[in-house]
Structures are given as structure tokens and as C-alpha cells.
Amino acid sequence: MAEQTALTDRRADGGGRPDAAVVRDALGVGIAVGLSGFAFGVTSAGSGLSVWQTCALSLLVFTGASQFALVGALATGGNPLTAAAGAFFLGVRNAFYGLRLSQSLALPRAVRPFAAQWVIDETAAVSLAQPGRRAARIGFGVTGLTLYVLWNLTTLLGALGAEAIGDTDAWGLDAAGPAVFVALLAPMLKTTAERAVAGLAVLLGLGLLPVLPAGVPVLMAALAAPVVLYLEGRRRAGRAAGRVDTREEER
């Protein structure tokens with residue numbers, strides 16, 4: 001009876017997916033993305049920031065896209081306040097991740113302020129891909145811890161080794177982080193609407209990149225979601241109206 005109850009609990013909590021499988025997936029994401037912190041360290045140091053400033057960004061900000069946007073704007077001679085504002089608005093997306101994760105993780109209140117530091121693209125992707133709360137918590141914790149430790153360690157190594165590497169633009173290291181996240185996100189785009197949102201977001205982001213300040217094109221790319229949802233709603237409404245007309249004609 002006890003075994004049956006435990007089996008029922010596991011099914012309710014996510015279909016009984018083994019913890020080891022969740023840990024394996026979380027470690028894979030954490031290690032793959034964490035190593036790209038080296039690219040940030042090199043890019044940041046090449047933009048004129050000191051080693052301790054570079055490490056402070058990774059320790060305190062810990063959201064790769066915002067960090068790259070900040071040092072990228074500084075490297076082109078942008079105003080520090082403008083660069084910081086662009087990085088801030090780019091990081092606003094994490095607040096929306098937090099709203100969704102608060103429901104799936106349901107962490108104790110005492111833990112939430114600490115967990116908030118780990119609410120980023122990768123932890124959200126791994127957690128939301130899990131079938132139950134236990135798996136989501138394991139995925140979030142393992143991904144967050146692995147990524148935080150490796151990202152900060154490789155940031156330090158990259159900042160220290162920036163002089164040895166030379167021209168960071170020639171290596172294209174600033175593209176490492178986004179490339180890893182695209183590889184992580186692509187398998188999750190299963191429906192036509194999801195693929196349409198992703199495609200339109202890419203077009204908006206790349207199209208507006210030359211004419212808008214750093215960070216703003218990414219925010220504008222978020223408009224892809226409501227546009228696609230609106231068109232999808234219109235399409236479904238048109239189909240429903242067509243079915244109603246057909247029924248009336250048959251009568």
C-alpha cells in the first residue's frame with residue numbers, strides 16, 4: 001500500500017522522472033553555458049573594465065545578455081548611464097521568468113530572495129521543461145549552482161587572460177553565450193506559433209540592431225509574441241466563423 005501511495009505521489013509530481021535524469025540535463029546546461037563566462041571576461045576586460053569590475057558584474061548581475069550589452073555599449077564609447085539603462089531593461093525579462101517560476105517551484109519564503117539571483121534564461125528553461133515540482137526544483141537548483149560557479153570562475157579566467165588572447169572581436173567570443181542559449185531553446189519550439197514567434201523575434205532583433213541602442217532591439221523583439229498571438233486569434237476566429245456559415249447553409 002505504501003509503495004502504491006509513493007508511486008501515485010511521483011506521478012502527481014511529474015510522472016516519476018528519475019532525479020538522475022534531471023540532474024544530468026541540468027549539469028549539461030550549466031556546464032555548457034557556464035564555460036561561456038570566459039567570453040564575457042575577455043570581452044569585458046577588452047572593453048576597458050578592470051578585473052575586479054568584470055568579476056563584480058558576474059557576481060552581482062549574473063545575467064549574461066545584460067552583461068554583454070553593458071560592456072558592448074561601453075566598448076563603443078557609449079555613455080555609462082545609457083549603457084546601464086540598456087542592460088537593465090534587457091534584464092527585465094527575468095522578472096517575467098520569476099512570475100512563472102514562483103508557481104512551478106513554490107519555494108519557501110525564506111529561500112526566495114536567494115533563489116531570485118538564479119532566475120535567468122537557462123534556469124527558467126530547464127525548470128519549466130520538467131513535468132513536476134520536484135523535478136523543476138532539482139533542475140533549477142542544479143542549473144543555477146553549476147552555472148553560477150562556472151560563470152564566475154571562467155569570468156575571472158577570461159579577464160586575466162584577455163591580454164594573451166588579443167583582439168576579442170576577431171575571435172567572436174561575444175557570440176558564445178547567445179549561441180548556447182539558441183541551441184537550448186530550439187528543441188522547445190514545437191508548435192507553429194512558437195516557431196513563428198521565434199522567427200519574428202529574430203527578424204525584429206537583427207533588423208533594429210543597427211538603429212537602436214544596445215539592449216533595446218531585444219526588448220522590441222518581445223513584440224513578436226503579441227503580434228503572433230493576435231494573428232493566431234484572428235485565424236482561429238475566421239475558421240470558427242467559416243464553420244458556422246457552413247452549418248447554416250446545410251440547414
Side-chain angles (χ1 to χ4, degrees), residues 22-75 80 83-84 86-95 97-98 101 105 107 110-127 137-166 168-169 171-185 214-215 218:
V22 182
V23 171
R24 182 192 62 227
D25 293 345
L27 284 174
V29 173
I31 293 173
V33 180
L35 293 176
S36 63
F38 184 85
F40 171 73
V42 172
T43 304
S44 179
S47 300
L49 274 68
S50 65
V51 173
W52 76 265
Q53 287 173 327
T54 298
C55 291
L57 280 175
S58 285
L59 286 168
L60 302 177
V61 178
F62 188 54
T63 172
S66 295
Q67 293 177 229
F68 275 112
L70 176 62
V71 298
L74 293 176
F88 170 80
F89 285 115
L90 185 58
V92 166
R93 71 192 188 284
N94 294 334
Y97 293 154
L101 288 173
L105 298 178
L107 296 173
V111 178
R112 293 176 189 175
F114 302 97
Q117 177 71 351
W118 290 355
V119 176
I120 54 175
D121 298 324
E122 292 77 15
T123 55
V126 172
S127 300
R137 286 179 172 180
I138 294 174
F140 179 86
V142 175
T143 304
L145 178 61
T146 305
L147 183 50
Y148 190 77
V149 172
L150 277 180
W151 180 268
N152 282 282
L153 177 60
T154 54
T155 292
L156 174 60
L157 294 176
L160 292 174
E163 294 183 359
I165 291 180
T168 57
D169 292 338
W171 289 81
L173 293 176
D174 56 339
V180 171
F181 183 67
V182 168
L184 172 67
L185 179 65
V218 176

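Just so it is clear, the structure is predicted and the values come from calculations on it, not from any experiment.
Between the Ser47 side chain and the Val71 main chain, a donor and an acceptor come within less than 3.5 Å of each other. Side chain of Ser50 to main chain of Gln53: a donor-acceptor pair is present (N/O by atom type, distance under 3.5 Å, no hydrogens or angles). Not one N or O on the side chain of Thr154 forms a donor-acceptor pair closer than 3.5 Å with the backbone of Ser36. Within the 3.5 Å criterion, the main-chain N or O of Leu59 finds a donor-acceptor partner in the side chain of Tyr148. Side chain of Thr146 to backbone of Thr143: no donor-acceptor contact under 3.5 angstrom is found.
Looking only at side-chain heavy atoms (C-beta outward), Val126 and Val142 stay at 4.5 Å or farther from each other. Side-chain atoms of Asp121 and Val33, non-hydrogen and from C-beta on, never get closer than 4.5 Å to each other. Here the side chains of Val29 and Leu147 are not in contact, with every heavy-atom distance at 4.5 Å or above. Two residues are said to be in side-chain contact when any heavy atoms from C-beta on lie closer than 4.5 Å; Ser66 and Leu70 fail this criterion.
Between atom OG1 of residue Thr63 and atom CH2 of residue Trp151 there is a gap of 8.5 Å, rounded to the nearest 0.5 Å. The distance from the CZ atom of Phe40 to the CG atom of Leu49 is 7.0 Å, given to the nearest 0.5 Å. To the nearest 0.5 Å, atom CD1 of residue Ile120 and atom CG of residue Leu101 are 10.5 Å apart. Separation of atoms CH2 (Trp52) and CG (Leu156) is listed at 14.5 Å; rounding is to 0.5 Å. Atoms OG1 and CG, from Thr123 and Leu145 in turn, are 12.0 Å apart once rounded to the nearest 0.5 Å.
Residues Asn152 and Cys55 share a closest heavy-atom pair of OD1-O, 4.1 Å. The minimum heavy-atom distance between Ser127 and Gly139, with the atom names listed, is OG-C, 4.2 Å. Looking at every heavy atom in both residues, Arg137 comes nearest to Leu105 through NE-O, 2.7 Å. The two residues Tyr97 and Val119 make their nearest non-hydrogen contact at CB-CG1, 3.7 Å. Shortest non-hydrogen contact noted between Gly158 and Val42 is O-CG2, 3.4 Å.
Using modelled atom types, one finds a donor on one side chain and an acceptor on the other under 3.5 Å when comparing Ser58 with Gln67.
Using bins of under 30°, 30° to 60° and over 60° for the plane-to-plane angle, the ring pair Phe140/Trp118 lands in the tilted bin.
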